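The structure appears right after this line, and notes come after that.
The basis for the numbers below is simple: all heavy atoms, side chains too, and nothing from hydrogens, waters or symmetry mates. Not measured: the values here are computed from a predicted model. Indexing begins at 1, ligand by ligand and atom by atom, following the structure's order.
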Amino acid sequence: MRNCNLPALGGGAGLRHEHFDEIIATRPPFNWLEIISDDFMDFGGYSRDRLRQICELYTVVSHGVCLAIGSTDPLDRDYLRRMKGFCREIGSPWTSDHLCFTKVDHTNMLDLMPLPFTRETVRHVVERIRIVQQELELPFLLENITRYVTVSDREMSEAQFISEIVEQAECGLLLDVTNVHLNSKFHGYDALEFISSLPLARVGQIHLAGWVPDESGAVIDSHDGPVDPAVWELFRSTIEKTGPTSVLVEWDNLLPPVSRLLAEAQMADRMMQDIAPREAS
Ligand SMILES: [Fe+2]
């Protein structure tokens, strides 16, 4: 298996409401776009209508934030049913969400909270991913998150935790390279060693994002700036191992013009083209 048996779409970008009109009017040459499905699936009106038009022009891939795969609340079957219908409507070739918990006692905390790296959590998440895959009838990828703390109750490393889950559940991995870079700084490990220890054949998509440090110089995963040179380097080393895949530049705050977003997506695409000949040899 390579690229989790999914199509390698090259460099793409996160699609946000603010760019809809310009993208429809000017049709910039993005290979593909990703949307946060939770922002659209339960709403009609103008934005949904514009999204339909964009789906006729580009491959649009769904990415969710509200599945709560690691929560102990029961899986929301109605959410899965709505997600399935939405993915079919936009023709999404796969969908994804985060390896975390977001709900406690039926309340969505609107944040991606880290899970304890334990065997019990692995079993719990694997069981739920199997249900998700059955219900969605679509390839499902799980994304590694940025985490600012380590839950003290742990029996394995984060890399082992991620690996065991995606292998046992037989799902894909959405590898967020920026998240690995930031976590390696926060928690003091080698980012490339971490990536190398993951089941890379299961990587079906990559995320890249940037940040702007605050006045004190502190950094969080803010998705509000260009991709950092250190992340581009880590990305290059990663795709040398994975081969061509689908790479998405996420930019959610302090949105740049479409042309800037396109430049970042094309940079990712060029780097992937560079490694392609090495792939073939
Ligand atoms: Fe991400």
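Neither side chain, S62 nor S92, offers a donor N or O lying under 3.5 Å from an acceptor on the other. Using modelled atom types and a 3.5 Å distance limit, the side chains of E34 and H207 yield a donor-acceptor pair.
The aromatic ring centres of F30 and H19 sit 6.0 Å or more apart.
Atoms OE1 of E250 and OD2 of D176, as seen from the Fe ion (ligand 1), are separated by an angle of 90°, to the nearest 10°.
Salt-bridge annotation for R77 and E135: present, with a side-chain N of the basic residue lying under 4.0 Å from a carboxylate O of the acidic one.
When distances from the Fe ion (ligand 1) to the N, O or S atoms of H207 are compared, ND1 comes out shortest.
Among the backbone and side-chain atoms of E143, an N/O/S atom is found under 2.8 Å from the Fe ion (ligand 1). With 2.8 Å as the limit, H63 does not count as an N, O or S neighbour of the Fe ion (ligand 1).
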